[in-house]
Amino acid sequence: MHVAIIMDGNGRWAKERGLPRIEGHRKGAEKAEKVVEWAADLGVNYISLYAFSTENWKRPWDEVRFLFNLFVSFVKRKVQKMKDKGVRIKIMGRREGLPEEVLEVWDWVEKETKNGERMTVVIALNYGGRAEILDAVNKILKDGIEKVDEESFRKYLYIPELPDPDLVIRTSGEMRISNFLLWQIAYSELVFIKKYWPDFEKEDLIYALEEFSKRQRRFGGI
Ligand code: IPE
Ligand code: IPE
Ligand code: MG
């Protein structure tokens, strides 16, 4: 079971409390850690978390820099715990443009946690669905390949072995995909939660999974 989450609403959560946006991101990162634990308890073995999109560079540099620093410090702080829990961490996105320190932590955390077998946590960082597809196409052209099918195309995605999400959850009440996993969500079920990400609770995850289990997936059949 692969659950992909668009963790949205950190800024509005903070604003409602008269706090700077970055406080929302801080709370949001803590929430992400909790959600990983809840998901593991509930038998989810893949979880993808949208942390920074290719469009998020449009934000003020202070916020962008804070998000990268948060990524670095958070990953460093949590890696031992993740290892102990059998969690494998993978980072997914475009490396180009990311600060050196972020790239170092990217490689380091993947290496450190590569033996985790209980669960895979994918952190989407500088990720865009269109960028991923274009990066795949450009690699294909570079390899001199003239024709692909779905199976061979998939091998060029950032994490080829990642199964397609069964369920996509977006918080904050927005009902859009915002360039997340475009290729992979072709037949994913979508659940929208009207809560800001820092307010997301275990009951919301359970609700989303229950909602998912009620849906009849037809994949184009009858
Ligand atoms: C989601 O929260 C986290 C990131 C995009 C990094 P936002 O920062 O988008 O919060 P809102 O949508 O402005 O409330
Ligand atoms: C999507 O949220 C990206 C992440 C959660 C990292 P955004 O807040 O960037 O999306 P839009 O701008 O509302 O579409
Ligand atoms: Mg947002």
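Counting convention: from 1, in listed order, for ligands and their atoms alike. Note: hydrogens, waters and symmetry copies are ignored here, and every other heavy atom, side chains too, is used. Treat the numbers as computed from the prediction; the structure is a model and nothing was measured.
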query = Is D8 close to ligand 1, meaning an N/O of one under 3.5 Å from an N/O of the other?
reply = yes
inquiry  = Could you check whether any side-chain N or O of R130 sits under 3.5 Å from a backbone N or O of L182, counting only pairs where one atom can act as donor and the other as acceptor?
reply    = no
query = For ligand 2, does R59 get within less than 4.0 Å through its side chain, its backbone, both, or neither, judged by non-hydrogen atoms?
reply = side chain
ask   = Name the one of F180, F71, Y127, W57 that satisfies ring-ring contact (aromatic ring centres under 6.0 Å, His included) with F52?
value = W57
key: Candidates N126, V105, V102 - the one meeting side-chain contact (heavy atoms from CB on, under 4.5 Å) with F68   = V102
inquiry  = Below 3.5 Å, N or O to N or O, backbone or side chain included: is there any such pair between W13 and ligand 1?
reply    = no
inquiry  = If the cut-off is 2.8 Å, does any N/O/S atom of E174 fall short of it from the Mg ion (ligand 3)?
reply    = no
task = Check whether any protein heavy atom sits under 4.0 Å from atom 8 (O) of ligand 2.
result = yes
ask   = Are a donor atom and an acceptor atom from the side chains of R88 and T113 found within less than 3.5 Å of each other?
value = no
task = Considering heavy atoms of the protein only, find what lies nearest to atom 13 (O) of ligand 2 and give residue, atom and distance to 0.1 Å.
result = R176 NH2, 2.8 Å
query = Where's the contact between R170 and ligand 2, heavy-atom distance under 4.0 Å: side chain, backbone, both or neither?
reply = side chain
ask   = For ligand 2, does F52 get within less than 4.0 Å through its side chain, its backbone, both, or neither, judged by non-hydrogen atoms?
value = backbone
inquiry  = Looking at ligand 1, is there an atom of it that comes within less than 4.0 Å of some heavy atom belonging to K15?
reply    = no
query = Within the distance-only criterion (no hydrogens, no angle test), does the side chain of N56 pair as donor or acceptor with the backbone N or O of V64 below 3.5 angstrom?
reply = no
ask   = How does A51 reach ligand 1, if at all, at less than 4.0 Å between non-hydrogen atoms: by side chain, backbone, both, or neither?
value = backbone
request  = For atom 11 (P) of ligand 2, grab the closest protein heavy atom and report residue, atom and distance to one decimal in Å.
outcome  = S178 OG, 3.6 Å
inquiry  = Exactly one of K78, K81, K202 should register a salt bridge (Lys or Arg N to Asp or Glu O under 4.0 Å) with E37. Which one does?
reply    = K81
task = Please check if the side chain of K31 supplies one atom and the backbone of P198 the other of a donor-acceptor pair under 3.5 Å.
result = yes
ask   = Would you say the side chain of R21 lies within less than 4.5 Å of the side chain of F66, judging by non-hydrogen atoms?
value = no
message = Can you tell me which N/O/S atom of D8 has the shortest distance to the Mg ion (ligand 3)?
response = OD1
task = Among all protein heavy atoms, pick the one closest to atom 6 (C) of ligand 2 and tell me residue, atom and distance.
result = Y50 O, 3.3 Å
Aromatic ring proximity, centroids under 6.0 angstrom, W38 and Y207 = no
inquiry  = Between ligand 1 and G9, can you find any atom pair, the residue atom being a heavy atom, that is separated by under 4.0 Å?
reply    = yes
Contact check: G11 vs ligand 1, nitrogen or oxygen atoms, below 3.5 angstrom = yes
task = For ligand 2, find out whether one of its N or O atoms is nearer than 3.5 Å to an N or O atom of S53.
result = no
key: Residue R12 vicinity, atoms of ligand 1 by number, heavy atom under 4.0 Å   = 11 (P), 12 (O), 14 (O)
ask   = Does a side-chain N-to-carboxylate-O contact under 4.0 Å join R154 and D164?
value = yes
task = Quick one: pull up CD1 in I5 and CZ in F200 and give me the separation to the nearest 0.5 Å.
result = 5.5 Å
message = Taking 4.0 Å as the limit for heavy-atom contacts, which would you say applies to E174 with ligand 2: side chain only, backbone only, both, or neither?
response = neither
task = Could you list which atoms of ligand 1 come closer than 4.0 Å to a heavy atom of N56?
result = 5 (C)
Closest approach of any protein heavy atom to atom 5 (C) of ligand 2, naming residue and atom = M7 O, 3.5 Å
request  = Using distance alone, with no hydrogens and no angle criterion, decide if D135 and Y158 have a side-chain donor and acceptor under 3.5 Å apart.
outcome  = yes
